[in-house]
Engineer: 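Below is one structure. I have some questions about it.
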Number of protein chains: 2
Amino acid sequence: MPAPAPYRLIADELRTAILTGRLKPGDRVPGENTLMEQHGVAKETARRALATLAAEGLIETRRGSGTFVKAFRPIRRRGTKRLAQSQWGEGRSIWEADLDDRPMTTDRLEVGEVDCPPHVAPLLGLEPGARVVMRNRRYLVDGEPVMLAVSYLPAALAGGTRIAEADTGPGGVYARLAEVGAGPVWFREEVRVRMPLPEEAEALRLGPGSPVALIVRHAYAEGGRPVEVNEMTLDASRYLLEWEFPA
Amino acid sequence: MPAPAPYRLIADELRTAILTGRLKPGDRVPGENTLMEQHGVAKETARRALATLAAEGLIETRRGSGTFVKAFRPIRRRGTKRLAQSQWGEGRSIWEADLDDRPMTTDRLEVGEVDCPPHVAPLLGLEPGARVVMRNRRYLVDGEPVMLAVSYLPAALAGGTRIAEADTGPGGVYARLAEVGAGPVWFREEVRVRMPLPEEAEALRLGPGSPVALIVRHAYAEGGRPVEVNEMTLDASRYLLEWEFPA
DNA sequence: AAGTGGTCTAGACCACTAC
DNA sequence: TAGTGGTCTAGACCACTTC
């Protein structure tokens, strides 16, 4: 058993302090200079210990200010209940069910008719190059971005309706779909998790050690007809995801 | 606009090569020495570029051997697997091309009656310190660990049955529960994502840049009685999670 | 033995934040 | 302006894998 590297020992010590609660969320963590002194190591070594914890998502560094224990305040996202008919049938936003106290706002809304991206076309049962209505937006809680979402609907269905406008009206997209006889009756959600690409990290203001969850929701109308594909990118460290279903 | 740090430029270049497919999964990535030469930087700088990509989960380093592009071959986990795929778009996935269908084995099985962990007791509707049957195991695909799972069932229900034995018999735990009139009729799954703790990283053989998904499955019998809590820890980079449900 | 990744140092300079 | 984090270097030594 070789002796663990010094930077690992330092990281272990700090990690224990954080996980046992001796260092609480928001607390200042000993910085580079302090660690150099206390452990008698070079700056790069101290930095490596801190970089390790940052990569684990336990701390966050603020240039010029210090190093701190990261906070975790999850947002609850109920996959099942929030989409229940009763929720969106009565002029309520599907996001209301999500809110768990804190209101969600949107940002960077982009709506328009475009050529369907090739990876989405087969999911909507469309020919390559068919037209779709795209809705792109960013969601924020407390002014901080927490999710990106792009949804696609066949233009044959959604074009010319309020779905193609910025304000979709009471009940949102699904209520409008129902009005044209294409209300969703079944959903499927696929979830993948990975570290963010640089653009995603930027759009969600993610530091190192913050994974993203990619949720793709497929909405089907009566007869199994796909009516929407929604690709969501979440700051995974801020979410608690939930689904329920019968045995 | 300050000039980006050299290590970032190198990382960007390699990242682009990987994301555009010029470097494919399994390919050798230029190593420390090569990068030092090609870009005229010091070793630590080249290392930092590689460490960045490793933290993003794009590459993996093998000591003494080289640096390689990481593979992504997800395992599909269906939360709700009982409904026919024939309807509802045949379960087509955005990530379909990558799907993986290999058999799973288990490992490190531990079964026994223990005091209920404090965070689990309220979920099972038990007094603190009540006895539960615990089943702990690790799942492997191709001999590689992909998931850890611990489940808890009230000892009053499962004690003395085959649930408390290594081999639970045909149909598994849920079939045995059904035999004592406590078959699950409803499930709830909660999902959290974060970077792994060192023990988790070790048990799942995770390198840097590999997040874990924590799935807590609650099983309820008739009347809403909780009969099982199952805590799963997945190598999130290897899974495609899926749930479906009616509107 | 050669090649590759892993760790460490001592000192330098820069950029940002807080006072 | 002082303190904190961010980046870089040149060279050293170690550990592991491959042949």
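In what follows, chains carry the letters A, B, and so on, assigned in the order in which the sequence lines appear, proteins first and then strands, with residues in each chain numbered from 1.
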Engineer: Quick one: on DNA chain C, does B:N33 or A:R63 contact a more 5' nucleotide (nearest heavy atom)?
Structural biologist: B:N33
Engineer: Specify the separation, in whole Å, of atom CD of A:E44 and atom P of C:dC13.
Structural biologist: 16 Å
Engineer: In a check of side chain to side chain contact (heavy atoms under 4.5 Å, CB included) between B:V146 and each of B:R138, B:R205, B:M104, B:R77, which one passes?
Structural biologist: B:M104
Engineer: For D:dT4, does OP1 or OP2 lie under 4.0 Å from any side-chain N or O of A:T67?
Structural biologist: no
Engineer: If you round to the nearest 0.5 Å, how far is CG of B:D27 from CZ of B:R22?
Structural biologist: 11.0 Å
Engineer: Which of these nucleotides, D:dC8, C:dT7, D:dT9, is closest to any side-chain atom of B:P6?
Structural biologist: D:dC8
Engineer: Rounded to the Å, how far apart are A:R28 CZ and D:dG5 P?
Structural biologist: 7 Å
Engineer: A:L35 CG to D:dT4 C1': how many Å, rounded?
Structural biologist: 12 Å
Engineer: Does A:T61 put a side-chain nitrogen or oxygen below 4.0 Å from OP1 or OP2 of D:dG6?
Structural biologist: yes
Engineer: Can you tell me the distance, in whole Å, between the CZ atom of B:R47 and the P atom of C:dT9?
Structural biologist: 14 Å
Engineer: Starting at CZ of A:F68 and ending at P of C:dT17, how long is that distance when rounded to a whole Å?
Structural biologist: 12 Å
Engineer: Against B:L14, only a single residue in B:I59, B:V69, B:T52, B:L50 fulfils side chain to side chain contact (heavy atoms under 4.5 Å, CB included); can you say which?
Structural biologist: B:L50
Engineer: Has B:R217 got its NZ or CZ under 6.0 Å from the middle of the six-membered ring of B:F187, at an angle within 45 degrees of the ring axis?
Structural biologist: yes
Engineer: Measure from CE on A:M36 to C1' on D:dG6 and round the result to the nearest Å.
Structural biologist: 14 Å
Engineer: Calculate the interatomic distance between B:R8 atom CZ and C:dA15 atom P; express it in whole Å.
Structural biologist: 14 Å
Engineer: Taking the side chain as everything from C-beta on, heavy atoms only, tell me whether B:L204 gets closer than 4.5 Å to B:T233.
Structural biologist: yes
Engineer: B:K43 has a side chain; which of C:dA12, D:dC13, C:dA10 sits nearest to it?
Structural biologist: D:dC13
Engineer: Find the distance A:Y7:OH to D:dC14:C1' and express it as a whole number of Å.
Structural biologist: 14 Å
Engineer: Select one nucleotide: of C:dT17, C:dG5, D:dT9, the one nearest the side-chain heavy atoms of A:S65.
Structural biologist: C:dT17
Engineer: For DNA chain C, whose closest nucleotide is more 5', that of A:T45 or that of B:L50?
Structural biologist: B:L50
